[in-house]
Chemist: 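Let me begin by handing over the structure; questions about it come next.
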Amino acid sequence: MQGYFKELDGEFYDSEEIKNMLYAKTGIFENYKNIGGFIFRNPITLSKMKKEEASEFINKIINYIDNDTDCILTPELRNCWLLHVKDSDIEFAIQFNFPEKTPEYIRHQHSLTCINCGIFNINGNDSHHIRHNTGLANKPPDWFSIPLCRNCHNKLQALSGHELAKILPIYGFNIEIYCKLAYLRWLNKL
């Protein structure tokens, strides 16, 4: 993380200061009462968090970085949630009844950074629908899409889903499964 925060607003920070800042801004806290009866908050360290708490903490950090700093997360860091996907999550995604159209999801994708290069466009990124056995006349369902900046969209739009899966940082997932998991994560079902 130090590479992202080493210089922020003209100030330089060491790794301990960065860690303390992230805990203060996004941490999960426990309340303690001292001998005098005063209540104070103490952050729970990542190593002591339960899996659900750690996932919430990481999401808070990503949102903080996206919304309150000028830092850009690499796509590999942004998609680190994939490392914790369970077989049961994949089974759920396979069985889930996805709607064809979800305009809210497309608007959400416009607010994300590019999955390929990590760039955030203040005017919004594109939502690239992946063509897979739909033919050129039929647009794929909204869940089967990824956020791309205009430059990457122009470069990658001719690639098939299989070709995209080889170059995108999705940790070896099939592109269709990745899109389903990302959609379910947006729905807060994963």
Chemist: Check whether any side-chain heavy atom of W143 lies under 4.5 Å from a side-chain heavy atom of T102, and answer yes or no.
Modeler: no
Chemist: Should the heavy atoms of other residues, nucleotides or ligands under 6.0 Å from CG of N34 be counted, would the total exceed 12?
Modeler: yes
Chemist: Report yes if some heavy atom in the side chain of D126 is under 4.5 Å from a heavy atom in the side chain of R150; otherwise report no.
Modeler: yes
Chemist: Roughly how far, to the nearest 0.5 Å, is the CD1 atom of I146 from the CG atom of N125?
Modeler: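 Spacing of CG (N125) from CD1 (I146) equals 11.0 Å.
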Chemist: Compare all side-chain heavy atoms of V85 with those of I90 and state whether any distance is below 4.5 angstrom.
Modeler: yes
Chemist: Indicate yes or no: at least one non-hydrogen side-chain atom of W186 is less than 4.5 angstrom from one of Q109.
Modeler: no
Chemist: Nearest 0.5 angstrom please: H108 NE2 to E104 CD, how far?
Modeler: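 Here the interatomic distance stands at 12.0 Å.
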Chemist: How far apart are the closest heavy atoms of I44 and E53, and which atoms are they?
Modeler: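 So the two residues come closest at CD1-OE2, 4.2 Å.
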Chemist: Check whether any side-chain heavy atom of C149 lies under 4.5 Å from a side-chain heavy atom of N121, and answer yes or no.
Modeler: no
Chemist: Let me check something: do F29 and L22 share a hydrophobic cluster, defined by ILVMFWY side-chain heavy atoms less than 4.5 Å apart, either directly or through other members?
Modeler: no
Chemist: Once rounded to the nearest 0.5 Å, what's the spacing between atom OG1 of T45 and atom OH of Y23?
Modeler: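 One gets 5.0 Å once the value is rounded to the nearest 0.5 Å.
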Chemist: Heavy atoms only: give me the nearest S145-C179 pair and the separation to one decimal.
Modeler: O-SG, 3.6 Å
Chemist: Relative to each other, are the rings of F96 and F92 parallel, tilted or perpendicular (30° and 60° limits)?
Modeler: tilted
Chemist: For atom CZ of F40, decide whether the heavy atoms of other residues, nucleotides or ligands shown that lie under 6.0 angstrom number more than 12.
Modeler: yes
Chemist: Which heavy atom in I58 sits nearest to a heavy atom in C80, and how many Å separate them?
Modeler: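 Minimum heavy-atom contact is CG2-SG, 4.4 Å.
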Chemist: Can you measure from CD1 (I39) to OH (Y32) and round to the nearest 0.5 angstrom?
Modeler: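 Between atom CD1 of I39 and atom OH of Y32 there are 13.0 Å.
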Chemist: Do you know the tightest heavy-atom contact between H129 and D142?
Modeler: NE2-OD1, 2.9 Å
Chemist: Can you give each donor-acceptor pair under 3.5 Å made by side-chain atoms of residues 163-173, sequence neighbours left out, with the distance rounded to 0.1 Å?
Modeler:
| residue | atom | partner | partner atom | Å |
| --- | --- | --- | --- | --- |
| E163 | OE1 | S160 | N | 2.7 |
| E163 | OE1 | S160 | OG | 3.3 |
| Y171 | OH | E76 | O | 2.7 |

Chemist: Looking at H110, I want to see if its NE2 is surrounded by more than 12 non-hydrogen atoms of other residues, nucleotides or ligands under 6.0 Å.
Modeler: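 Enclosed: over 12 neighbouring heavy atoms sit under 6.0 Å from NE2 of H110.
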Chemist: Work out which heavy atom in I28 is nearest to a heavy atom in M49; give both atom names and the distance.
Modeler: CD1-SD, 4.4 Å
Chemist: Taking all atoms of both residues into account, what is the closest heavy-atom pair of H128 and Q157, and its distance?
Modeler: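 Heavy atoms only, the tightest pair is CE1-CA, 3.6 Å.
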Chemist: Tell me if the NZ atom of K25 is crowded by more than 12 foreign heavy atoms within 6.0 Å.
Modeler: no
Chemist: When rounded to the nearest 0.5 angstrom, what is the spacing between CD in E176 and CD1 in I130?
Modeler: 9.5 Å
Chemist: Would you call the rings of Y105 and Y183 parallel, tilted or perpendicular, taking 30° and 60° as the class edges?
Modeler: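 Rings of Y105 and Y183: perpendicular, as their planes differ by over 60°.
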Chemist: Within the structure provided, determine whether K155 and N151 are in side-chain contact (heavy-atom separation under 4.5 Å).
Modeler: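 Heavy-atom side-chain distance check passes, below 4.5 Å.
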Chemist: Please tell me whether I106 and F98 are part of a single hydrophobic cluster in this structure, the criterion being side-chain heavy atoms less than 4.5 Å apart.
Modeler: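 In one cluster: no.
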Chemist: Look up atom CG in L82 and atom CD1 in I177, then write down how far apart they are to the nearest 0.5 Å.
Modeler: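 Reported to 0.5 Å precision, the distance equals 11.5 Å.
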